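This one's a predicted model, so the numbers in the text were calculated from it and none came from an experiment. So you know, we letter chains A, B, ... as the sequences are listed, proteins then strands, and number each from 1.
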Number of protein chains: 2
Amino acid sequence: MNESAPLRPLTERPRIEDVAILAGTSAMTVSRALRQPGKVAAETLARIMAAVDALGYVPNLSASSLASRRSGILAVLVPTIGNSIFSETVRGLADAVAAADLHLLIGDFGYSDDKRRKLVRALVGRQPDAVVIVGAVHDEAVRASLRRQAAPVVETWELSPDPIDMIVGFSNFEAGATVARHLLARGRGRCAFVGGLESRAEARLAGFAAALAAAGAPPPETEVPADLSIAAGREAFGRILARAPDIDGVFFATDVMAVGGLLECQRRGIDVPGRVAIAGLGNLEIGRQMQPALTTIEIPAYAMGHRAGELILARLAKEDPSASGRVIDLGFALLTRGTT
Amino acid sequence: MNESAPLRPLTERPRIEDVAILAGTSAMTVSRALRQPGKVAAETLARIMAAVDALGYVPNLSASSLASRRSGILAVLVPTIGNSIFSETVRGLADAVAAADLHLLIGDFGYSDDKRRKLVRALVGRQPDAVVIVGAVHDEAVRASLRRQAAPVVETWELSPDPIDMIVGFSNFEAGATVARHLLARGRGRCAFVGGLESRAEARLAGFAAALAAAGAPPPETEVPADLSIAAGREAFGRILARAPDIDGVFFATDVMAVGGLLECQRRGIDVPGRVAIAGLGNLEIGRQMQPALTTIEIPAYAMGHRAGELILARLAKEDPSASGRVIDLGFALLTRGTT
DNA sequence: CTGAAAGCGCTTACAG
DNA sequence: CTGAAAGCGCTTACAG
């Protein structure tokens with residue numbers, strides 16, 4: 001009886017030791033073979049790989065995280081996974097880190113600060129190797145708990161002079177101002193804004209209002225939509241028109257709502273852009289495909305995620321803390337189309 | 001010197017032992033206090049909580065996973081996170097398991113079987129407590145590796161007589177047949193189908209073709225779109241019309257593409273539904289808001305996720321394996337609207 | 001109600 | 001190129 005087969009029941013998952021026994025080597029060497037195959041003799045490697053296949057061995061990542069102090073997790077916090085424009089950012093991030101083996105652990109905080117706080121606590125417990133957040137974090141408790149851990153943190157979609165660690169975004173304020181100047185240039189004297197209460201929409205409104213004021217135009221009518229849907233855009237537009245029938249230019253904080261505004265105009269027989277000009281933000285496909293096509297602010301949704309991923313990889317590789325405090329402005333572009 | 005402060009540098013994350021020392025108790029009791037506060041004396045509990053707050057202690061979940069053999073992870077595999085209808089399913093799932101503390105680890109396999117295989121390997125290493133997959137898995141290697149682990153697995157969005165473990169879906173075949181019968185009832189004799197090559201779209205096409213054949217109608221023209229976008233729907237519709245100008249009814253495998261078909265008709269001045277009837281699947285908001293509104297198959301996107309979550313919780317709670325092999329059909333509904 | 005001991009399955013130094 | 005020892009930070013039984 002030279003062969004010492006593992007005595008554990010077959011229903012249990014094999015451990016590294018089981019592989020080692022089957023391959024006639026040690027757990028150490030199996031571990032090395034799996035992570036740095038070049039450092040193991042070819043023949044040993046072959047025996048180990050055969051054993052891995054035979055047993056269907058998959059390393060227990062909880063154990064390796066614990067031992068190596070690297071979790072392999074990239075935590076991603078988004079306001080909502082149901083929004084395709086945020087998923088562009090996630091896609092950019094995933095593409096950027098595809099080579100490194102980091103898993104994206106995606107948490108959805110439903111636009112709620114309270115849920116975000118809980119999510120951060122939960123994620124910190126998983127010891128993420130890095131954290132990416134859609135939106136800048138303004139809650140001091142959350143900022144502190146993210147700072148406390150050593151992992152790089154990238155905020156996105158906004159600019160802030162004081163990032164937790166790094167931030168990659170664009171100026172929502174300038175985007176709003178750019179739309180206002182565009183509407184003014186199109187001869188619109190009575191403008192409105194439709195958007196929610198989170199910080200990015202507020203910054204767009206602030207820029208929009210500032211540029212109107214600078215031109216001596218009246219302050220914008222504003223409406224807060226029920227959510228970010230087409231229907232909410234329709235309804236908000238209807239309320240604005242009821243309140244201020246002379247409105248001739250509307251900036252919606254997102255394209256989806258702007259499409260609602262446009263469809264509502266078409267339903268009511270309101271000429272766009274003859275009577276009312278409409279602009280959105282996001283350059284989503286639906287806006288591009290509408291007839292007339294929607295004027296919009298194109299934002300670097302994919303690029304922000306991709307750049308965030310690159311920053312993280314650089315930091316993880318070089319242990320280079322010099323990037324900390326970095327603020328990267330990726331800009332935006334006004335796409336003038338049929339609705340203005 | 002009675003007070004023995006922890007000697008570790010403050011930059012390192014506190015461990016349970018640090019909390020125990022500060023609270024004047026043992027690691028065991030801290031662990032218990034955090035998980036089953038009712039089993040710890042009120043006074044001890046208060047001291048522990050104060051210590052937790054003072055140190056900003058967050059348990060290392062890699063260590064607890066390893067020790068408890070529960071990861072707290074619910075692995076979710078989706079074809080793409082960029083599709084809002086799949087995120088409905090994820091939302092349903094998240095809502096169902098919100099009370100239990102399970103984190104959703106979402107993996108995106110980009111509609112690629114190869115990427116899905118890798119993803120499954122990676123996820124299995126994280127020892128998920130449960131797995132939910134959008135789509136049935138037909139790859140035998142993947143099925144085997146999911147079966148090997150003890151965790152419950154729920155497939156969704158399809159029905160299959162032989163699930164890996166449990167499956168919650170609807171009949172894509174019947175959905176296709178229902179649309180065909182509806183178009184026939186509307187007097188359409190020359191139908192077409194636009195949809196991709198994955199199993200769900202194929203089942204819809206099979207049902208669509210079968211119902212046409214049963215009625216003695218000619219087999220459908222079919223077009224495979226470049227992707228699932230509005231633009232792809234437009235282009236596929238254009239190709240169909242070029243090939244078969246007498247087409248009078250088109251079923252698109254998803255609403256987004258169907259909207260493309262509708263917009264293309266409007267651009268070309270083709271009367272819908274007078275000359276061509278159009279139907280989609282998904283009951284997405286954009287289809288509802290179009291003018292005319294899109295006829296569609298409403299599918300239980302949210303409900304499938306929610307039910308999957310309930311099945312998982314039941315299994316996790318009762319260790320009840322009787323649900324295994326269960327096939328749950330949540331059905332669908334034809335919503336007849338303006339385009340047919 | 002509380003705690004000392006053992007162990008979860010890996011990896012990190014270190015030695016050879 | 002390979003391996004024995006120690007330890008990552010928790011929880012599980014068990015004892016009291």
Those residues that, when tested against B/Arg117, pass salt bridge (charged side-chain N to carboxylate O under 4.0 Å, His left out) (two or more places apart): B/Asp114, B/Asp139

Using a cut-off of under 3.5 Å, enumerate the N/O to N/O pairs linking the protein to nucleotides 5-8 of chain C.
unit_1, atom_1, unit_2, atom_2, d
C/dC8, O3', B/Arg69, NH2, 3.4
C/dC8, O2, B/Ala67, N, 3.4

Any A/Ser64 side-chain N or O less than 4.0 Å from OP1/OP2 of C/dC10: no

Touch class at under 4.0 angstrom, heavy-atom based, for A/Ser65 against every strand present: nothing

Distance (rounded to the nearest 0.5 Å) between B/Leu22 CG and B/Thr25 OG1: 11.5 Å

Rounded distance (Å) that lies between atom P of C/dC10 and atom CD of A/Gln127: 18 Å

Anything under 3.5 Å between a donor and an acceptor, one on a side chain of residues 86-93 of chain A, the other on a protein residue two or more places apart or in another chain? List them.
unit_1, atom_1, unit_2, atom_2, d
A/Ser87, OG, A/Asn83, O, 3.4
A/Ser87, OG, A/Ser84, O, 2.8
A/Glu88, OE1, A/Arg91, NH2, 3.1
A/Glu88, OE2, A/Arg91, NE, 3.1
A/Glu88, OE2, A/Arg91, NH2, 3.3
A/Thr89, OG1, A/Trp157, NE1, 2.9
A/Thr89, OG1, A/Ala301, O, 2.9

Sugar-phosphate only, base, or nothing, as touched by A/Ser62 at under 4.0 Å among non-hydrogen atoms: nothing

Distance (rounded to the nearest 0.5 Å) between A/Ile21 CD1 and A/Ile16 CD1: 11.5 Å

Rounded interatomic separation in angstrom, taking CZ from A/Arg47 and P from D/dC1: 14 Å

Residue-phosphate contact under 4.0 Å: B/Tyr57 side-chain N/O, D/dC10 OP1/OP2: yes

Strand-adjacent residues in residues 33-41 of chain B, judged by heavy atoms under 4.0 Å from DNA chain D: B/Arg35

Exceeds 12 heavy-atom contacts within 6.0 angstrom, atom CZ of A/Arg121: no

Beyond-backbone contact of A/Ser71 with A/Arg126, side-chain heavy atoms, under 4.5 angstrom: no

Side chain proximity check, B/Val58 to B/Arg13, heavy atoms < 4.5 angstrom: yes

Dot-bracket pairing map - DNA chain C, Watson-Crick plus G-U, both contacts under 3.5 Å, | cross-strand: |||.||||||||.|||

Separation between CD1 of B/Ile164 and NE2 of B/His138, rounded to the nearest 0.5 Å: 9.5 Å

B/Thr29 vs C/dG3: side-chain N/O to OP1/OP2 distance below 4.0 Å: yes

5'-most by nearest nucleotide on DNA chain D - B/Pro59 or B/Arg32: B/Pro59

Residue-phosphate contact under 4.0 Å: A/Ser26 side-chain N/O, D/dA4 OP1/OP2: no

Reported CZ-to-CG distance for the pair B/Arg116 and B/Leu77, which is rounded to 0.5 angstrom: 7.5 Å

All salt bridge (charged side-chain N to carboxylate O under 4.0 Å, His left out) counterparts of B/Glu158, not counting sequence neighbours: B/Arg200

Side-chain N or O of A/Ser31 closer than 4.0 Å to phosphate OP1/OP2 of C/dT11: yes

CD on B/Glu155 to CG on B/Asp165, rounded to 0.5 Å: 8.5 Å

Which nucleotide in C/dT11, D/dT2, C/dT2 has an atom nearest any side-chain atom of B/Thr44: C/dT2

